[in-house]
Structure formats: structure tokens, C-alpha cells
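Here, residue 1 is the first one in the sequence, and each next residue gets the next number. Side-chain atoms are counted along with the backbone in the values below, which use heavy atoms only and exclude waters and symmetry mates.
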Amino acid sequence: MKDFKKQFVTHTATATCVLGVTVCGPLLAQDSNACPVDGCAIEIASATQTDGELSLEINANFDPDISKNHFHIWWGELYDVKQVSNNAETVHNVAQGDWHPTDAYPSYTTTGVTSLSQRGDASSLCISAADRNHDIIDPGALHCVDVSAHF
């Protein structure tokens, strides 16, 4: 009977290695995030009302993955971009707000905290890229659109 060794793949911040084999290589950027090297770009291209909610068409330069880089969507008048991040209090010194994390692409329908019923007096929906920890990647890279014509 042959002695089979189990082989495990391990990932660290700097390398991918197969145990039991002498092959190790660098962890590729696409293994840890979904953004291109020059950063994530996202915009809400259009909004329409459908069945009491808003349907958004989104343009992005990456394919979102909730376990990697994805989108945070929120009502712009309710929260600042720094508030829609898990590190709002620890890094940005602001109270954490409410957002909807999603990798729905290229279409998204408002739900939960982005539902029309949750907007209060807000009229702008915003979107930004977030990482696997739900931290906003670049607080200066957000896109907001006035959707008041659709409700």
C-alpha cells in the first residue's frame, strides 16, 4: 500500500505554498482582492423605480466579490463615506453608520438600509469600494447620485 501524504495549500500575506511540495510562490493580487492595480472605480450609471424599490445599474472596473473587494451602498444625506466602514470609529473617529455591503453587479435593487422606506429625507444614493474587512478602500473615491426623481 502506498503512503499518501495529504497536501495542503496555505496562504499568507506574502506567499502561497503547497505543503509537502517544494513549490512556493508570491501571493497574487487577485488572490486577496478584486481591484485592478490602479484602484477600484465605481459609479451608479442609472436608477429606476421597480416594485417600490430602486433598481441601480452599476459600472465598475472590477468584478466584486463579497469575500474580497465589493461595494458599500448607502443614503448619502444620512452618512458620510467614512461612516460606512468597519473602521469608522477606530481610524476615522466618526460614529459608524449603516450601509449595505454587496457584490450584486451590474444590477442592484435597494433593500434593507438602502430601501426607500429607510431613506428618511435622503435623496442621494452613494457607492464606494470596500475590502474584505468592510473598510472603505479610499474615502475620496465615492459616487453619489440624486435619485429623487424616482420616488
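Residues Ile66 and Ile137 do not share a hydrophobic cluster, defined by chaining ILVMFWY side chains whose heavy atoms lie under 4.5 Å apart. Hydrophobic clustering (side-chain heavy atoms under 4.5 Å, transitive across Ile, Leu, Val, Met, Phe, Trp, Tyr) groups Phe151 together with Leu125.
Between Tyr108 and His100, the ring planes lie tilted relative to each other; the angle falls in the 30° to 60° range. Relative ring orientation between Trp99 and His134 is described as tilted, the plane-to-plane angle lying within the 30° to 60° band.
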Verdict with reasoning, Leu56 to Ser46, per side-chain contact (heavy atoms from CB on, under 4.5 Å):
CA-CA 6 Å; Leu56 307 179; Ser46 66; over 6 Å; no
Evaluate the side-chain contact (heavy atoms from CB on, under 4.5 Å) criterion for residues Asn69 and Arg132: first the C-alpha distance (whole Å), next the side-chain angles of each, then the deciding distance (0.1 Å), finally the verdict.
CA-CA 6 Å; Asn69 293 343; Arg132 69 179 62 213; 5.8 Å; no
Please assess Phe71 against Phe62 for the test ring pair (Phe, Tyr, Trp, His ring centres under 6.0 Å), listing each intermediate value before the final yes or no.
CA-CA 11 Å; Phe71 310 136; Phe62 68 100; 5.6 Å; yes
Before giving the answer on side-chain contact (heavy atoms from CB on, under 4.5 Å), spell out for Trp75 and Val113 the whole-Å C-alpha distance, their side-chain angles and the decisive distance to 0.1 Å.
CA-CA 8 Å; Trp75 288 104; Val113 299; over 6 Å; no
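Side chains of Thr102 and Ile73 form a contact here, defined as non-hydrogen atoms less than 4.5 Å apart.
The closest donor-acceptor contact from the side chain of Tyr105 to the backbone of Ala60 lies under 3.5 Å. Panel note: side chain Asp131, backbone Asp135; a donor-acceptor pair is recorded below 3.5 Å. With hydrogens and angles disregarded, no donor-acceptor distance shorter than 3.5 Å links the side chain of Asn59 to the backbone of Ala45. Between the Trp74 side chain and the Tyr79 main chain, a donor and an acceptor come within less than 3.5 Å of each other. Side chain of Ser85 to backbone of Lys82: no donor-acceptor contact under 3.5 angstrom is found. Judged by distance alone, the side chain of Gln83 and the main-chain N or O of Ala95 form a donor-acceptor pair under 3.5 Å.
Separation of atoms CD1 (Ile127) and NE2 (His72) is listed at 10.5 Å; rounding is to 0.5 Å. The CG atom of Leu142 sits 6.0 Å away from atom SG of Cys126, with the distance rounded to the nearest 0.5 Å.
Defined by atom type and a distance below 3.5 Å, a donor-acceptor pair is present between the side-chain atoms of Thr50 and Ser55.
Across every non-hydrogen atom of Glu53 and Ser115, the tightest pair is OE2-OG, 2.6 Å.
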